[in-house]
Amino acid sequence: MWWLKDVWVIDPSQTLSAPRHVLIKGGQVLEMFASMTEEEVLTIAQGESVETINGEGKFLFPGLIDVHTHLREPGQEEKEDILSGSRAAVRGGFTTILAMANTKPVIDNRALIEFVRMQGERAGYAHVLPIGTVTKGMQGGELVEMADMKAGGAAAFSDDGKNIQNAEVMRLALEYAKITGLPIISHCEDKDLAGEGQMRRGMVSARMGLKGIPASAESVIVARDLLLAEETGGKLHLAHISTTESVDLIRQAKARGVNITAEVNPHHLIFCDEEMGITDTALKVNPPLGSQKDRESLIEGLRDGTLDMIATDHAPHTMAEKSRPFAEAPFGIASLETALSAIWQHLVVPGRLSFERVIEAWSVSPAKRFGLPGGSLKPGAIADMVLFDPDFSEVIDSTQLVSKARNTPFLGKNLQGFPVMVWVEGQLVQKNRTVLGK
Ligand code: DOR
Ligand code: ZN
């Protein structure tokens, strides 16, 4: 049994943000109390040994749930695999991650869904739930066998990495989503508008002499998919929203009652294109970083609930790939181990976003929308949880990262505020920033 003494609990699922004593037993949250003596704990323990943690000055919250993680297995294990990615997850405070389907081969059938799920279970760190593709071969044409893949453990469907260009295919996918009850996750990017663009089109891309991706490449498809979700009633989730126009469109659709949720990535909340230089391939990401105005719209959208969730879009690549000239380097930022700390330091500490809203958006909201365990510390809930030390600071050092990837803009930088203990189903899997062995 665990006794977390005097810890500040943030649990938006029960509108709680206050000091508590928390008891964990048998992989579940047993109870929490405003005050508690050692005698009382021993009475409850009934002879079982009690591990006591002094939580003073630290936060305890339900483990983060990341609905957008690229784990690269099968096929690109030089970038990441399910074991390294799920270890990186618990180091960063994530107890459940949804694995994106754009692997090699892509996850477009039940056998591959079961493979990813089993590899996640074998790794035994975060819960790893597979996302299947929407279309066979991720080719944008024929739909996959969604019901069969759901039976094998698929948590959602997405052709992420690529947009579904054919509107009729997207409409049909949303019709099927009504039958499976699982969300379709849309990577909104009009192929023709995006062209060969390398970063957001604007003053900065012109100055750097790089081909630009206009903001409309995203918002045109956001508008299309919102209309299709409205017409069909299918469950739609919009990945990595990055523009002011998209936020406005989502706000309007929600006001009409459309069945949609949307996510924003930490890098779009923290960086903008003005901060980029020609050698900053670590910041090359798709959708690209937008303007200062976009960033403000995203923060406002997350604050007012237009954007429901934060998700990392952890996209590991090798340093060899990211060391190429900007136009040849792949898109993506590896972020599982730095994302929470970066949000804490860049948005929570300066007062732009409450920590309660961050936990709601990164744990409670994904659990609800995707029907996942976790997202709550109510008595009886699964003990997936994080102890966070706001004073712990760390230089992001390539020898410490447990992900295979090093493509983070924080490499060599100091971040403050980190998860210092992480439990999955009541088992301690990370302590003092070290992922425990199995
Ligand atoms: O930057 C990105 N990287 N955006 C995507 O949509 C895909 C991802 C990847 O798979 O590397
Ligand atoms: Zn994407």
Side-chain angles (χ1 to χ4, degrees), residues 66-82 85 88 97-107 116 130-135 138 140 156-165 170 183-191 193-194 196-200 213 217-219 221-222 225 236-243 246 261-271 273 276 280-290 309-322 324 326-336 339 403-409:
D66 201 58
V67 301
H68 197 146
T69 312
H70 295 273
L71 295 181
R72 309 297 190 205
E73 185 181 345
Q76 293 177 306
E77 290 85 353
E78 71 284 4
K79 295 178 194 255
E80 192 78 287
D81 60 31
I82 291 170
I97 50 178
L98 268 55
M100 271 299 171
N102 63 338
T103 49
K104 282 189 174 171
V106 299
I107 310 297
V116 173
I131 297 173
T133 59
V134 176
T135 64
M138 240 177 96
F157 296 95
S158 181
D159 278 7
D160 182 68
K162 250 188 188 175
N163 181 55
I164 296 169
Q165 296 291 316
M170 187 63 185
I184 304 291
I185 304 176
S186 179
H187 165 114
C188 298
E189 180 187 17
D190 184 277
K191 192 165 120 274
L193 287 170
E196 298 289 298
Q198 302 297 323
M199 63 178 294
R200 173 63 72 76
I213 301 171
E218 174 178 293
S219 39
I221 303 295
V222 168
D225 288 356
L236 174 66
H237 176 77
L238 300 174
H240 42 52
I241 289 304
S242 72
T243 75
S246 301
T261 47
E263 87 198 19
V264 59
N265 304 149
H267 40 268
H268 293 121
L269 292 166
I270 294 169
F271 301 109
D273 63 355
M276 288 173 72
D280 292 331
T281 58
L283 291 174
K284 180 176 177 180
V285 66
N286 191 20
L289 300 179
M309 296 172 210
I310 310 175
T312 61
D313 196 2
H314 174 76
H317 293 293
T318 64
M319 281 319 247
E321 293 167 307
K322 278 292 200 179
R324 293 182 196 145
F326 199 97
E328 292 161 33
F331 291 97
I333 296 175
S335 51
L336 281 173
S403 164
K404 290 187 186 177
R406 301 289 178 270
N407 55 309
T408 156

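Note that the numbering runs from 1 along the sequence shown for the chain. This one's a predicted model, so the numbers in the text were calculated from it and none came from an experiment. In listed order, ligands and their atoms are each counted from 1.
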Problem - Closest approach of E80 to R72 (non-hydrogen atoms, all atoms of both residues) - result: O-CB, 3.5 Å
Fill in the blank from the handout: Here the pair of heavy atoms bringing N407 nearest to G332 is ND2-O, 3.2 Å
Quick one: look up the protein heavy atom nearest [atom] and list residue, atom name and how far away it is.
atom: atom 3 (N) of ligand 1; value: F331 O, 3.2 Å
atom: atom 6 (O) of ligand 1; value: H187 CE1, 3.0 Å
atom: atom 2 (C) of ligand 1; value: N286 O, 3.5 Å
atom: atom 8 (C) of ligand 1; value: H70 NE2, 3.8 Å
atom: atom 9 (C) of ligand 1; value: R72 NH2, 3.4 Å

Handout entry: Check: E189 main-chain N/O paired with Q165 side-chain donor or acceptor under 3.5 Å
Key = yes
Between [X] and [Y]: side-chain donor-acceptor atoms closer than 3.5 Å:
X: K79; Y: H317; result: yes
X: H187; Y: D159; result: no
X: T318; Y: E78; result: no

Problem - Intermediate values then yes/no, side chain to side chain donor-acceptor pair (under 3.5 Å), D66 and H314 - result: CA-CA 9 Å; D66 201 58; H314 174 76; over 6 Å; no
Handout entry: Over 12 non-hydrogen atoms of neighbours within 6.0 angstrom of CD in E196
Key = no
Practice task
Please report the number of protein N, O or S atoms that lie less than 2.8 Å from the Zn ion (ligand 2).
Solution key: 3
Exercise for the section: For the pair H68 and H240, name the ring-plane relationship: parallel under 30°, tilted 30 to 60°, perpendicular over 60°. Expected result: tilted
Completion exercise
Any heavy atom of E321 under 4.0 Å from ligand 1? The part involved is neither
Completion exercise
Contact region, N102 to ligand 1, non-hydrogen atoms below 4.0 Å, reads side chain
Handout entry: Sub-4.0 Å heavy-atom contact, H317 with ligand 1
Key = yes
Fill in the blank from the handout: From the list H267, H268, E218, side-chain hydrogen bond (donor to acceptor under 3.5 Å, both in side chains) with S242 holds only for E218
Practice task
Check each atom of ligand 1 against the heavy atoms of V285 and keep those under 4.0 Å away; list them by number with element.
Solution key: 1 (O)
